Participant: 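Have a look at this one.
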Protein chains: 2
Amino acid sequence: MSLFLSSYENRLDTKGRISVPASFRASLSSEQFAGVVLYRSFTNNCIEGLTMSRMETLAAATDKMGVFDGTLDDLSAMLFADARPLSFDVTGRIMIPADLLAHAGITDRAIFVGRGNSFQIWNPDAFHRAQDAALSRLRTARPDFKIG
Amino acid sequence: MSLFLSSYENRLDTKGRISVPASFRASLSSEQFAGVVLYRSFTNNCIEGLTMSRMETLAAATDKMGVFDGTLDDLSAMLFADARPLSFDVTGRIMIPADLLAHAGITDRAIFVGRGNSFQIWNPDAFHRAQDAALSRLRTARPDFKIG
DNA sequence: CAGTAAATCCCATAAAATCCCATAGCATTA
DNA sequence: TAATGCTATGGGATTTTATGGGATTTACTG
């Protein structure tokens, strides 16, 4: 699977549909399931997005863990119960369920944010605030951090 | 992958396209993805350039870390969200997105600067100023630079 | 079952990105 | 010197993309 990179701000139309960025769809082109899996982020006011095959990888990973691990149990319970498979229409749009939109505070615009092997969907303003905060945390924690 | 070396100043045409130096393209010829990944430098007013395979290495590294690792979260948030995969056209040009150009103060000309395993894209004048400044810092500091 | 709301299919369109071809300059070679 | 090939650049033509909206189908509700 190719990576989810960059950020794309798109609009929700009057019917609540929104285009998944073409480059994200390209990252999904080899998938069996023509669509994405969304769930509410545990850590942010945003929506997490995965491919179906990655969802299956996660299921396999939780199987490997202990049956009596309480935290993990909570985690996978949340994840699988909350996950929504959404298939694309002909033009590559999805309809994001209302409770996910509410969780992320999205009304008329949303930004799709690449995260490598996954992606997120944010209210654009909230995302930019979170990015700014992340940058200052990084500068404080590791003033000389380098990539690669 | 062979190294990115030397500097090349090229023009942006009216459509915003610019040729990636042929020698840089040669350094990328063994890559799966025929193009580059650009993002805004965290430390300078310039654009950083990487290969896609380097991005994939980073994505694999983030997978190995815990889901709730804060610092890593910030770092990958910054990088994956900002990274733009740009593929070459037939003649080896790319279109640099407007926000990256703005970050680097590039309008009609840009200089591609080799950095070994990566490269940078600068406004030519800004680059030459930064080079001069770097040179005088080196003359003052005389850092102890060892090979191997 | 009927009536209503919601979802999906289908087509249209403007802007943007990409493809394709052409050319000028330079360097190398016969 | 003429021929060749590659590089950077220019611009017209085509395709893709995001978005809008009417029409049809599906799902829910009382």
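Computed from a predicted model, the values in this text were never measured in an experiment. All chains are named by letter (A, B, ...) in the order of the sequence lines, taking the proteins before the strands, and each is independently numbered beginning at 1.
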Participant: Atom CD1 of A:Ile94 and atom CG of A:Leu38: how far apart are they, to the nearest 0.5 Å?
Facilitator: 5.0 Å

Participant: When the distance from CD1 of A:Ile96 to P of C:dA7 is rounded to whole Å, what number comes out?
Facilitator: 13 Å

Participant: Measuring from atom OG of B:Ser27 to atom CZ of B:Phe119, what distance do you get when rounded to the nearest 0.5 angstrom?
Facilitator: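 Interatomic distance, B:Ser27 OG to B:Phe119 CZ, rounded to 0.5 Å: 9.5 Å.
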
Participant: Between N or O atoms, less than 3.5 Å apart, protein on one side and nucleotides 23-26 of chain C on the other: list the pairs.
Facilitator:
none

Participant: About how many Å separate NE2 of B:His103 and CD1 of B:Ile121, when rounded to the nearest 0.5 Å?
Facilitator: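 Atom-to-atom, B:Ile121:CD1 and B:His103:NE2 are 11.5 Å apart.
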
Participant: Nearest-Å distance, CG (B:Asp89) to C1' (C:dA16)?
Facilitator: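 Value for this atom pair: 15 Å.
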
Participant: In whole Å, I'd like the distance from the CZ atom of B:Arg84 to the P atom of C:dA17.
Facilitator: 12 Å

Participant: CZ/B:Arg25 to CZ/B:Phe4 distance, rounded to the nearest 0.5 angstrom?
Facilitator: 12.0 Å

Participant: Measure the spacing between NE2 of B:His128 and CG of B:Asn123 and express it to the nearest 0.5 Å.
Facilitator: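 Spacing of NE2 (B:His128) from CG (B:Asn123) equals 10.0 Å.
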
Participant: How far does CG of A:Leu28 sit from OG of A:Ser23, to the nearest 0.5 angstrom?
Facilitator: 9.5 Å

Participant: Is A:Arg109 salt-bridged to A:Glu9, going by a charged N under 4.0 Å from an acidic O?
Facilitator: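 A salt bridge is present here (some side-chain N lies under 4.0 Å from a carboxylate O).
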
Participant: Round to the nearest Å and state the distance from B:Phe24 atom CZ to D:dA8 atom P.
Facilitator: 11 Å

Participant: What one-letter contact string describes nucleotides 16-21 of chain D from 5' to 3', where B marks a base within less than 4.0 Å of any protein heavy atom, S marks contact via sugar-phosphate atoms alone, and - marks no contact?
Facilitator: -SSBBB

Participant: Does A:Arg84 come within less than 4.0 Å of A:Asp99, counting only side-chain N to carboxylate O?
Facilitator: yes

Participant: With nearest nucleotides of DNA chain C determined for B:Met95 and B:Val90 from heavy-atom distances, which residue corresponds to the more 5′ nucleotide?
Facilitator: B:Met95

Participant: Distance check needed: C:dA7 P versus A:Phe88 CZ, whole Å only.
Facilitator: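 Computing the A:Phe88:CZ to C:dA7:P distance gives 18 Å.
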
